[in-house]
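Computed from heavy atoms alone, side chains included, the values below leave out hydrogens, waters and symmetry copies. Here the structure is a predicted model, which is why all the values come from computation and not from measurement.
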Amino acid sequence: MMRRTIFFASLAAIALLAACHSSPGDGVLFDGTDAGRWEATGEHVVADGILSLKGDGATAVLKNGRYKDFELEMEMRTLPGGKGFVAFHSDKSQTKGYRVAVNNDRNDPVWWKMTGSLLSVRNLTKSFVREGDWFTMTVRVSGRAVTIAVDGRPVVEYIEPSAPCRLSPNEGALLSDGTFALASEAGEIQFRRIAVKTFRTDPAVVQAQLAEAGDEQRDEIIRLHQEDFPVLDYHVHLKGGLTEAEAAQMSRKLGINYAVAPNCGIGFPVTDDAGALAFLDSMRAQPFILAMQAEGREWVTTFSQAVRDEFDYVFTDALTFTDDKGRRTRLWMPDETWIDDDRQQYMDLIVDRICEVLKEPADVYVNPCFLPEPMDGQYDAFWTEARMNRFVDALAKSGEALEINARYKIPNKAIILKAKEAGVKFTFGTNNGLRDIGKLEYCIRMKKECGITAEDMYKPSIKI
């Protein structure tokens with residue numbers, strides 16, 4: 001394998017390279033002293049060793065660049081409100097090739113396309129970088145494989161299949177060859193070093209990549225990315241031996257962002273503030289949104305407000321409560337659920353408890369409208385119009401988002417439609433029991449049938 005490496009040298013050496021080489025692949029792309037190899041438009045400036053692109057429409061396109069297999073490394077930062085992208089396999093018009101997002105603004109309403117996203121293909125909901133901080137982003141293309149890392153952390157691992165799924169306006173997002181482009185869409189983006197290495201990928205490696213690639217024509221996840229919809233499983237647990245590293249790799253492979261939550265409450269793995277903080281400290285460097293699953297009705301006093309606020313959001317359910325006879329009930333456990341002969345009366349008890357739980361200070365209500373055995377086989381009979389209306393009214397007043405749960409396939413379409421009409425936000429969640437995280441099949445079906453849009457989805461308060 002042949003490699004050509006770009007080295008950074010003194011200003012005199014840079015001038016000599018510029019005079020001796022006509023191809024930008026054979027010299028310095030940018031090292032803070034000269035942007036002459038780039039054709040810039042819009043508001044831009046080179047000063048104090050920094051190339052700045054400002055506002056909507058400022059671009060810098062590498063002149064005469066033609067790269068296929070490469071590793072591009074950039075030192076950059078965004079100033080407050082700054083966002084844009086880096087394009088590769090592009091052209092002067094920027095109508096072909098891929099774009100990689102540069103956006104560290106956690107207040108951006110489009111919160112699912114953060115730094116490192118391979119736009120329209122692998123959109124990311126979490127950025128590791130704070131606005132104003134310098135960071136390194138590395139983009140590598142080898143055959144059909146695109147990998148992206150931020151400060152050395154892998155965030156995207158994508159293999160383009162032989163028949164990619166591309167919906168309008170993303171038809172040009174394909175591998176070929178071409179130049180690099182830098183673009184600002186808002187605020188200011190700054191670059192102080194850009195380097196590239198080129199190489200050739202063995203055809204046998206490319207064939208192996210194609211064999212590994214998924215069938216995007218039948219993949220609902222890639223379609224969500226293409227539709228510019230946030231692709232996030234808001235309810236994932238590290239259970240059944242599933243490690244952080246395995247979950248992160250699974251997330252990159254499937255293209256689904258994960259929000260990972262510990263079970264927090266009496267009798268669960270995390271029982272106090274110290275345990276919650278230990279979890280957060282161990283997970284901050286992981287590519288996950290971090291949520292708290294608040295268990296039981298004691299969680300409000302078991303965990304302080306200060307510690308709960310350290311999580312990106314808090315969710316709870318009404319599966320644990322005290323029944324009218326003072327018995328601690330856990331609805332998912334038949335031996336801890338006491339259903340009398342009058343099941344309709346017991347259903348009224350469940351709805352009463354749900355409405356009480358919705359007064360608790362959570363952000364998301366999960367495992368919604370769950371029914372215990374043996375009532376779950378008559379879901380529509382127990383969730384009558386009046387009960388649905390009572391639940392949705394209490395949910396809307398609470399301000400909490402409603403989980404559409406893939407594991408239990410709840411709530412039903414009628415409840416989701418009522419919640420949508422009431423202005424309730426939604427989350428998609430698996431609530432995996434073991435390692436079986438899944439691909440949100442029920443959630444995606446309800447999205448289609450109920451007309452759920454990106455604007456209907458709950459935005460976490462993401463911290464790093």
Side-chain angles (χ1 to χ4, degrees), residues 234-235 261 263-266 268 291-301 313-334 336-340 342-429 431 442-443 446 450 458:
Y234 292 76
H235 191 163
N263 299 93
C264 301
I266 294 174
F268 288 92
M292 168 187 273
Q293 176 157 8
E295 302 282 4
R297 309 281 54 90
E298 310 87 0
W299 69 271
V300 177
T301 54
Y313 58 95
V314 176
F315 61 81
T316 192
D317 58 36
L319 272 61
T320 302
F321 59 80
T322 301
D323 70 11
D324 287 341
K325 295 183 179 180
R327 296 171 294 196
R328 185 177 177 87
T329 297
R330 295 195 287 182
L331 284 181
W332 74 96
M333 302 182 68
E336 295 186 24
T337 303
W338 297 271
I339 304 173
D340 297 326
D342 190 340
R343 293 183 180 177
Q344 290 293 342
Q345 184 177 3
Y346 195 80
M347 184 66 199
D348 288 334
L349 171 68
I350 289 175
V351 176
D352 287 344
R353 296 301 185 267
I354 289 174
C355 291
E356 291 173 7
V357 168
L358 286 171
K359 297 175 183 177
E360 297 173 357
D363 302 299
V364 182
Y365 180 67
V366 304
N367 299 319
C369 309
F370 178 93
L371 293 182
E373 297 179 9
M375 296 170 63
D376 59 342
Q378 298 175 285
Y379 198 91
D380 293 338
F382 286 111
W383 276 106
T384 62
E385 189 82 10
R387 287 171 179 148
M388 287 191 292
N389 289 338
R390 185 182 174 203
F391 163 66
V392 171
D393 182 61
L395 179 65
K397 289 178 180 177
S398 77
E400 295 180 27
L402 175 66
E403 176 182 81
I404 301 176
N405 185 279
R407 177 181 179 180
Y408 296 120
K409 298 180 175 58
I410 53 177
N412 63 10
K413 181 178 177 180
I415 293 173
I416 294 171
L417 286 172
K418 286 179 179 291
K420 185 174 185 295
E421 185 177 0
V424 171
K425 298 293 185 181
F426 296 95
T427 69
F428 293 171
N431 185 18
Y442 178 76
C443 308
M446 288 297 101
C450 299
Y458 169 74

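Formation of a donor-acceptor pair under 3.5 Å by the Arg327 side chain with backbone atoms of Thr322 is not found in this model. Without hydrogens or angle criteria, Tyr313 side chain to Tyr458 main chain gives no donor-acceptor distance under 3.5 Å. Checking side-chain atoms of Arg407 against main-chain N and O of Asn431 turns up a donor-acceptor pair under 3.5 Å. Under the 3.5 Å distance criterion, the side-chain polar atoms of Arg297 are matched with a main-chain donor or acceptor of Thr320. Side-chain atoms of Trp332 do not come within 3.5 Å of backbone N or O of Leu319 as any donor-acceptor pair. Of the possible donor and acceptor atoms, none in the side chain of Thr337 sits under 3.5 Å from a partner among the backbone N and O of Pro334. When atom types are taken as modelled, the side chain of Asp363 and the backbone of Val314 share a donor-acceptor pair closer than 3.5 angstrom.
Between Asp340 and Tyr346, every side-chain heavy-atom pair lies at or beyond the 4.5 Å cut-off. Between Gln293 and Asp317 there is a side-chain heavy-atom pair separated by less than 4.5 Å. A 4.5 Å side-chain heavy-atom check between Ile350 and Pro372 finds at least one atom pair inside the cut-off. Inter-residue side-chain proximity for Arg387 and Gln344 is flagged as met; some heavy-atom pair is nearer than 4.5 Å. Proximity of Val366 to Thr316: side-chain heavy atoms (C-beta onward) are nowhere separated by under 4.5 Å. Trp383 is listed as a side-chain neighbour of Val351, based on a closest heavy-atom distance under 4.5 Å. The closest side-chain heavy-atom distance from Leu417 to Lys413 is below 4.5 Å.
Under the 3.5 Å distance criterion, with hydrogens and angles disregarded, a donor-acceptor pair is assigned to the side chains of Trp299 and Glu360. Side chains of Thr329 and Arg353: a donor-acceptor N/O pair is absent below 3.5 angstrom, by distance only.
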Side-chain donor-acceptor distances from residues 391-398 under 3.5 Å, at least two apart:
from, atom 1, to, atom 2, distance (Å)
Asp393, OD2, Lys397, NZ, 3.2
Ser398, OG, Leu395, O, 2.6
Ser398, OG, Glu400, N, 3.0

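From Lys420, atom NZ reaches atom NZ of Lys425 across 10.0 Å, with rounding to the nearest 0.5 Å. Going from atom CE of Met446 over to atom CD1 of Ile416 covers 5.5 Å, rounded to the nearest 0.5 Å. To the nearest 0.5 Å, atom OH of residue Tyr234 and atom CZ of residue Phe426 are 11.5 Å apart. Going from atom CD1 of Ile339 over to atom CE of Met347 covers 11.0 Å, rounded to the nearest 0.5 Å. Rounding to the nearest 0.5 Å gives a distance of 5.5 Å between CD of Glu403 and NE2 of His235. Distance check: Ile404 CD1 to Phe428 CZ gives 5.0 Å after rounding to the nearest 0.5 Å.
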Test side chain to side chain contact (heavy atoms under 4.5 Å, CB included) on Phe321 and Arg328 and set out the steps. CA-CA 6 Å; Phe321 59 80; Arg328 185 177 177 87; over 6 Å; no
Working note: Arg390 + Asp352, criterion salt bridge (charged side-chain N to carboxylate O under 4.0 Å, His left out); need CA distance, chi angles, decisive distance, verdict. CA-CA 9 Å; Arg390 185 182 174 203; Asp352 287 344; 2.7 Å; yes
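The minimum heavy-atom distance between Pro411 and Cys369, with the atom names listed, is CB-SG, 4.1 Å. Contact record, Asp323 with Trp338: OD2-CE3, 4.0 Å, taken as the closest heavy-atom pair. The heavy-atom pair separating Val364 from Thr427 by the smallest distance is CG1-OG1, 3.7 Å.
For Glu336, the CD atom counts as densely surrounded, since its 6.0 Å shell holds more than 12 non-hydrogen atoms of other residues, nucleotides or ligands. The local environment of CD in Glu356 is crowded, with over 12 non-hydrogen atoms from other residues, nucleotides or ligands closer than 6.0 Å.
Ring-centre distance between Phe315 and Tyr365: not below the 6.0 Å cut-off.
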